[in-house]
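First comes the structure, then the notes that go with it.
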Amino acid sequence: MQTNNQTSGIIDLQYGGGGEQMNKLLDDVVFHYLRNDILNVRHDGAFLDLEGRLAFSTDSYVVSPLFFKGGNIGDLAVNGTVNDLAMCGAVPRYLSLAFIIEEGFAMQRFVDIVKSIRMAASHAGVQVVTGDTKVVEHGKGDGIYINTSGIGTLHARAAIGIDNIREGDAVLVNASIATHGMAIMSEREGLQFGSDIVSDTAPLNHTVLTLMERFGGGIRFLRDATRGGLASILHEIATAGCFGIDLVEERLPVLSDVRNACELLGLDPVYVANEGVFICVVPDSIREAVLETLRIEDPAAAHIGTITTDHPGKIISASAFGGRHVVHPLVGEQLPRIC
Amino acid sequence: MQTNNQTSGIIDLQYGGGGEQMNKLLDDVVFHYLRNDILNVRHDGAFLDLEGRLAFSTDSYVVSPLFFKGGNIGDLAVNGTVNDLAMCGAVPRYLSLAFIIEEGFAMQRFVDIVKSIRMAASHAGVQVVTGDTKVVEHGKGDGIYINTSGIGTLHARAAIGIDNIREGDAVLVNASIATHGMAIMSEREGLQFGSDIVSDTAPLNHTVLTLMERFGGGIRFLRDATRGGLASILHEIATAGCFGIDLVEERLPVLSDVRNACELLGLDPVYVANEGVFICVVPDSIREAVLETLRIEDPAAAHIGTITTDHPGKIISASAFGGRHVVHPLVGEQLPRIC
Amino acid sequence: MKYLTEYRNPALVKDYLAKIHRAALHPWKIMEVCGGQTHSLVKNGMLGLLPENVVMIHGPGCPVCVTPMSLIDQAVQLSLLPDVILCSFGDMVRVPGNRMSLLQAKARGGDVRILYSPLEAVHIAAANPAKQVVFFAVGFETTAPSNALAILYAKKLGVSNFALLASHVLVPPAMEAILDDPFCSIDGFLGAGHVCAIMGLGEYHPLAAKYRVPIVVAGFEPVDLLRAIYHTVLQLESGQYEVENQYTRAVREEGNKRAKEVMYEVFEVGSQEWRGIGHIPDSGLVIKDTYRAFDASRIFMLANRYANRPSACIAGDILKGYKKPFECPAYGKACIPANPLGAPMVSSEGACAAYYNYR
Amino acid sequence: MKYLTEYRNPALVKDYLAKIHRAALHPWKIMEVCGGQTHSLVKNGMLGLLPENVVMIHGPGCPVCVTPMSLIDQAVQLSLLPDVILCSFGDMVRVPGNRMSLLQAKARGGDVRILYSPLEAVHIAAANPAKQVVFFAVGFETTAPSNALAILYAKKLGVSNFALLASHVLVPPAMEAILDDPFCSIDGFLGAGHVCAIMGLGEYHPLAAKYRVPIVVAGFEPVDLLRAIYHTVLQLESGQYEVENQYTRAVREEGNKRAKEVMYEVFEVGSQEWRGIGHIPDSGLVIKDTYRAFDASRIFMLANRYANRPSACIAGDILKGYKKPFECPAYGKACIPANPLGAPMVSSEGACAAYYNYR
Amino acid sequence: MCLAIPGKLAAITSQLDDVFRIGRVSFEGITKDVNLALVPDARVGDYVLVHVGAAISIINAEEAARTMDALRLMGEDLNLESDADE
Amino acid sequence: MCLAIPGKLAAITSQLDDVFRIGRVSFEGITKDVNLALVPDARVGDYVLVHVGAAISIINAEEAARTMDALRLMGEDLNLESDADE
Ligand code: SF4
Ligand code: SF4
Ligand SMILES: [Mg+2]
Ligand SMILES: [Mg+2]
Ligand SMILES: [Mg+2]
Ligand SMILES: [Mg+2]
Ligand SMILES: [Mg+2]
Ligand SMILES: [Mg+2]
Ligand SMILES: [Mg+2]
Ligand SMILES: [Mg+2]
Ligand SMILES: [Mg+2]
Ligand SMILES: [Mg+2]
C-alpha cells in the first residue's frame, strides 16, 4: 500500500470510512491473507452450500493483552467460535470475521493478527467467508476487538443437550485448567510475573469429531470452559436440572506452574478462564473409554466428578482428607486476592 | 435484578466476567426480550434446520450517537445484516447478536436497545438465535458496539452477481439518499443542527423478496449503500468489470432538507452514509416495471444512471446543463467542508 | 434554498454559456482567486463548457492549501500534548505536515476535534476547564472576523483556557504578488465573493487601475460564476479594467463595517508565509498584543522543529497560475487525495483535488 | 511448592484431626484472628472435620473488611478526580461505600487500577508525571512495612506525585478490645502468622498473661492450622496460657527488625476506626508529619461527606465472635457476594463470604 | 474558500449584550443557531449569509430582486419560477 | 489476611543502595521481581516469604527441617517425601 499511513504504519480513521483507503486495507491485508473461493466473491454476504442440521454461534473477543505467550486475539477468535460449534456436536465449516480497530493501531500488528487467523482457520479446517472492518476513534477501543460467528453442520450421531444428563454420570475434563487465564494474567499491567505458561488456545473440533464418531449420543453434554472458568460451566449444569455435582479436588488437572501462579495471586484455578478446555458428561459405563480417547490428545484429561441427586443445584468439592466445600459461581471477575 | 448495580443503574465490569451477574443480565434483559425456542436452549450455539443454498453475512455497528431520530444502534444492527442478506437475494432467517458494552453504560439504555432489536427483528421476520455479551473497561469502548451476523436462505430465482451486469443496464435506487447520514450528523458534537431529518433505517428484505418473485434473475445486482455512500457502491460496480456508469445528477433523489443540510456543511450527498437505500442493476427492458415495484414502497425510487462501456472504471455525472464531472471514490471519511 | 437554487437554473446556465461563447473573440486567461469558486466550476463541469479561448486559472484561494507546513507541525505538536484539545475545521485535518497530519496525530492519541465553528470551541473550553483548548484558525478575510469573534466571545464569557493557533491570509496582497510576477499572464480576475462581503471593494480599485485588469466580484453558484465570467470577458474585449460587482445581493461597496471592526480589534496586518508561494509582506493577520493571552503560539512558545520536507510538489506554480494540475509530474500518480504530496491535493477546494475529483 | 505443599499432606491432616479429637475433652472456642486463616479453614472444609466441642470463631482479621466506609468514600471520591490514578489491591475494589464501590466508580470513569503491590504504584506515578497517583493502602502489620516502603521508594526515586490513602490496623489492640468485652467467650487464639513474622511475639506475652488465654501462632496451610489448634487444645485442657510459636519457619520471637524500623519510620500509632466495631484507641497507624507530602488525606483535604448508611449488617457481632454468619438475618438473602451489605461478605477472607463461598 | 450559505433569520434566541446576539437561522428544513455579532442590523425575517457559525452579511433583498428581474428578462422564454420564491 | 508465599531468591537483579535491593524470586516455574528492603540479610538461595511485592521474612530452613522431622516422626508410616524436597 503506497499511502502515508502505510509508511507511518498505523491505521487511522480513514481506513474505516468506507472509501478507497478501506478497500486498500481489505485488499492488501484481509483478502490477501484469507482469500478463498467464497470470500473472493466480495458480496455483502457469502453464498454457502450446506446439508442437514446446522449449528450457529457468535463471540466477540476483547482480550488484553492482544498478544500473549501461545497466541493472540486472532487465533483466539477463530478457536473460540470453532469450539462453541464443536460443543454443539457440529463440524465447524464457515466463519464470519468482524474487526473493530482503534485508530492508531499498528498496521504490522494487524497483519500479524490476520496471519494468525489464517493459520488457526486452516488448522481448524474452517473458511472465513464474510467479514467487516470498522475503525473507531482513539480512546474508544482497545487496539482491536474481533467478532467471529460460525456455522457448522451437526454430526449425524450428535445428541448433546443439558437435559440428557443423568444421575451417576461422569464429569470429565479434556485438559489442564486455568492455563490460558494465567498466561494472560502474567502479562497484565500491575500483576506481571515471569513464567513459561503458554496459553493452550486450540481448536477442539477434531477431538469432538472423534468423540462423536466413537460414542455418538453417549456424549451427553459438552461445554468449553472459558470466561468464569470451570466453575461457571459446572454451575450451568447444576442449575439447569435437578442435579448437583460431586467434585474430587485432587483430580482437577492443573499444571504445577499454573498452580503456583494462582497461589502467588491468591486465585482459585476453578474460576480462571480457559481456552481449549471442555467439560464432557458421559454415562459412567463409557467413562474410561472416553477418557482414553481424550488422553490421546492430552494425558491430563481427567474424571473430575460425578452427577448426583444428593445436593441438587450445588457443587461440592471434596479434598483428599475429606474436607468438603461448596463451589459457588464467580461473582464478577476474579480479582487477585492480595491481603 | 436485585443488585447494587441495577439500583445504581449502570453496567460495570462484573457483568462481563462470566459469573452470576452476567447471567442475571442475560436472563433479565437479553433472554427476557428476545426469547424464542431456539435461543432458549442457551447452548454454546444455536441449532437450526435450513434447506437449500444459504447466505451468510456479518457487520459490526459503531454508530455515534447511539440514539438518533428514527432509530438507534439496535435496529440499525438488525436491519443492517438483514439488508446485507437481502442484497444476496436471500430471505434472512436467523441472526446472532454480540454486544461489547463499555462499563458505566446505563442499564436503561441497554434495555431500550434490546427492545428495539426485538421490534426490528420481528418487523424483518428474523429470529435472534445466539449471542454474546462482553463488558470492556471505561475508555475502551463507546457506550455499546453491536455485531450481528445473519443466515438467510437464497431465493430460488435469485441470480445476483456483479458479473451479470451488462452494457446498457439501468441503475436504479430505491429511495432518497443521504438521509440516514445527515440524521446522524445533525446530532454529532461540534456539528449539531436542528432538523426533522429522520433516519430511514429499515429492513429491505420484503422489498427484495418481491423483486425476486417478480423478476428473478432479471435483478442482476443489488447492493445497499451504507458507509461511503452511493459513490462507494457505484465504484464497486465500476471497478469490478469493464464498465463505467453514466449518472444523471438531477435524478438523484435527495430530500430537500437533507440537501440543505449538505449545503450547510459542504457535503456531497453521494458520499453520505445511508441505511435502507440500495442500488439495483437491471436490464433496461424491465427498468420501468422494476421502478414501479420499488415505488410502491417509496415514490422516490429513481433511475439514476446507465451502465456504459464508454469510460470503463469511471463514473461520470452529468448536470442538467451538460456539465460533466467524475465521481471519485471517497477518501477516508467525508468531513464537513467549511472553508 | 432561496438565494441559492435559483442561481443553478440550467436554462440560465446555458444562456450565459451561449453569451460567453458569442462574446469571447480573443484568448483570455481569467483567474478565480477563490477555492470555493474553483470547486464550483469543476464540480459543475463548467470548465468543459466554456469556449476554448476562455481559460480559467485556479488561484491560491484555499486557506487550507496555503497554510504553511510549519504551522501544521505546530498544530500536530499541540494536539499531542496531554492537556490540549486541538479543534479544527474538517478540511484542515488531512493536510500533511512534515511529520504527520492532524488526523494521524489523532490516531496517535492527540485530542483533535472537528468543528463547524470556532465559537463551538469556546463552548468546549468552557466545558473542559482543566484543558487548554486551541482552535486552529485558518482563513481568509471571510473567516478572520469569526475567528476574532471567538476570542471576544471567550473573553466575554470569562473562558480563559481558549486560544487560537492563527494563520490568516489576505487576498489583495496575494493578487498583487501574482500580478507583480514577470511571468504573469492573467488577464482578469473573478473577485472572491465572500471576502468582498466582509472587506468591500475599496482595496480592489487601486489594483485594477495599477495592473489594468478587470476584477469582477462573483458569487459561487453556476449562474453567478458565468455571469461574472461573461462580464469579465465583456470588459476584456472592450479594453476596460473596472472593479465590477456581480454579487450585489451579498457584497456592498463598503463591505461589512462591523466585521472589519471586530477583525481589527483582535488582529493586525503582518507578514505571512503562503505554502507553495513563500512569504508575502503584509499578507496576513496576527493576533494583537492586547490578546496575547489567547494566542496559542505565544502561550506555548512553539518551536518550529522540523525542516520542510523536500517535495516534488509544484503547488507554487499551480497557485500562481503558471501550470495546471495535470502538468505536475506527480499529479494522479504519487500524488492523489488519499496520499497528497501537496496541500492543493488535500482540500476539496485545492486546485489539484478539484481537478482530480471532478474531471 | 517447597514450604507450602508439604503442609497440605492429607495423611498428616488426618493424623492431626485424630489427635485433636482425642485431646479435646471439654468445649472450647478458639478464635483465628486472621482472615487468611479463616479462608484456609473454610476452603479446605476443616470446620466440618473438627470435633463438635472445638468451635472456631472468625475474628476481625481481614483488613479489607474492617476498612471504614468513610475511607472507601474518600477513595471513590479521589478516583473520580480527573487527574488522579487510584491504585488498590484487588479485594478492596468491590467493597461497598456509602455511595458506591471503587469498581462502580471505575465504571463511571474513575481511573482505578488493580495492583499486586504498592511498589508498582510508584512506577505508575513515575510513568504519569502529570497525574497524582494514590495507593489505597490498607493492611495489618504484615502489609504496613511494604506500604511504608512504597513511600521511601518514591522518595528515593524522586517521585513526588505518589501518595498513600492509608488505613492500617493493628492486631493486639483488637484482640484486647475483644477480650475486654464482658460477653467475650473466647478461650484461646490462633496467632496471625504473618503479622507475627513482622512483629514477633513480644506484644502477645502480656496479653496471654493478662487475659489468661493461650495464643498459638499459626501458619496458613491445613497442617499448620491443625497443629496450632491441637496445641491450643492441649494448653486449654491442661490450663496453660502461653504464647506458643507453631510457625517457626516464618516467625521469630523478635519478628523482623528491619520491617518494624521501616514501618515506624513512616507511620506512628494512632486511633483507628474499625468497620463494624468502631474506634479503638492506638489500634492503627497514621502517616507521620515528616511524610505528609505522601499522605493523600492531607494533600487532598478530604471531607467525609456521606453519612454512613443504616444497615442490617451485624458485622460487629460477627467480627467479635458473638455470632456466626448464618445467624445474620441478611446472610445469603439480601446479603450475598454479588450484593454485599457488609464488608465481611466482600473479601473472600471476610467471615461471611468465606462461609457463603465454601459451605 | 469560505463556504457561506443564505438562511432566514427566524428568531433571536439569546442576547448576551448589544454585540453578542445569537439567532436561529432557517435553511428550509434545517436550523442552526448562529452568532449575529457581525450583523448588528439583522432583523428577524432577513436573510443572512452564514459562515462557520456566524452571519457575515445580510442579503440585500432589493439587489437580489433586481438581479432576478434582469435574469428573468434575459431568459423570458425560460421557466425561472421554480425555486425562486420562498 | 496477608497472603504471603514462600519462594527462593534466585538472583539480585538491582541494588539502588544498601537498603533498596530488588531480587528475582522463584516459585517453581514462576518468577517475580521482589523488593528486598525488609530482608537485608537475605542471600541468593534463601527462601523468603513474599507479600504484596516485598519479601517480609526469610524462611528459617533449620526450623522448617526440625518441623518436618517432627512431622515425619509422627507420621512414620505415612509417605511424606513427595513435595518436601526441592
Ligand atoms: S498534483 Fe500534488 S504534487 Fe502536484 S502540484 Fe498538485 S498537490 Fe503538488
Ligand atoms: S451476612 Fe452480610 S449483612 Fe450479615 S453480617 Fe455478614 S456481611 Fe453483614
Ligand atoms: Mg458463542
Ligand atoms: Mg465462546
Ligand atoms: Mg463456549
Ligand atoms: Mg460490513
Ligand atoms: Mg489446557
Ligand atoms: Mg455484512
Ligand atoms: Mg452492511
Ligand atoms: Mg451492505
Ligand atoms: Mg460468548
Ligand atoms: Mg432513504
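In this text the structure is predicted, and so the values were computed from the model without any measurement.
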Tell me, do Asp17(E) and Lys156(C) make a side-chain contact under 4.5 Å, heavy atoms counted? yes
For the atom pair NE2 (His51(E)) and CD1 (Ile198(C)), what is the distance rounded to the nearest 0.5 Å? 7.5 Å
Stepwise side chain to side chain contact (heavy atoms under 4.5 Å, CB included) check, Thr248(C) with Arg66(E): CA-CA 9 Å; Thr248(C) 52; Arg66(E) 202 168 301 145; over 6 Å; no
Between Ile58(E), Ile5(E), Val48(E), the one whose heavy-atom pairs under 4.5 Å with chain C are most numerous: Ile58(E)
Grab the two heavy atoms, one from Ile59(E) and one from Arg252(C), that are nearest each other, plus how far apart they are. C-NH2, 4.0 Å
Please find the pair of heavy atoms, one from Lys2(C) and one from Glu28(E), that lie closest to each other, and give the distance. N-OE2, 2.9 Å
Heavy-atom pair with the smallest gap, counting every atom of Ile56(E) and Asn256(C): O-ND2, 2.9 Å
How close do Pro6(E) and Leu4(C) get, counting heavy atoms only, and between which atoms? CD-CD1, 3.9 Å
Shortest non-hydrogen contact from Tyr116(C) to Gly53(E)? CE2-N, 3.4 Å
Please flag which part of Leu157(C) lies under 4.5 Å from any non-hydrogen atom of chain E: side chain, backbone, both or neither. side chain
Is Lys19(C) close to chain E through its backbone or its side chain, or both, or neither, when contacts mean heavy atoms under 4.5 Å? side chain
Name the orientation class of the two ring planes belonging to Phe20(E) and Tyr153(C) (parallel below 30°, tilted from 30 to 60°, perpendicular beyond 60°). tilted
Which distance, rounded to the nearest 0.5 Å, do you find between the OG of Ser26(E) and the CE of Met1(C)? 9.5 Å
Atom pair CG/CG of Leu71(E) and Asp15(C) - distance to nearest 0.5 Å: 9.5 Å
Looking only at heavy atoms and a cut-off of under 4.5 Å, which of Gly7(E), Ala65(E), Ala54(E), Pro40(E) has the most pairs with chain C? Pro40(E)
Measure Val223(C) against the heavy atoms of chain E and call it side chain, backbone, both or neither at under 4.5 Å. side chain
Between CD1 on residue Ile22(E) and CG on residue Leu119(C), distance to nearest 0.5 Å: 7.0 Å
Would Thr67(E) and Arg227(C) satisfy side chain to side chain contact (heavy atoms under 4.5 Å, CB included), going step by step from the backbone distance to the final call? CA-CA 11 Å; Thr67(E) 306; Arg227(C) 223 163 109 91; 3.6 Å; yes
Taking NZ in Lys155(C) as the centre, count heavy atoms belonging to other residues, nucleotides or ligands within less than 6.0 Å. Is the count above 12? no
Honestly, the part of Lys14(C) sitting under 4.5 Å from a heavy atom of chain E is neither
Roughly how far, to the nearest 0.5 Å, is CE of Met68(E) from OH of Tyr7(C)? 5.5 Å
When rounded to the nearest 0.5 Å, the distance separating CD of Glu120(C) from CG of Asn35(E) is 12.0 Å
Which atoms of Asp41(E) come close to chain C, meaning under 4.5 Å heavy atom to heavy atom: side chain ones, backbone ones, both, or neither? neither
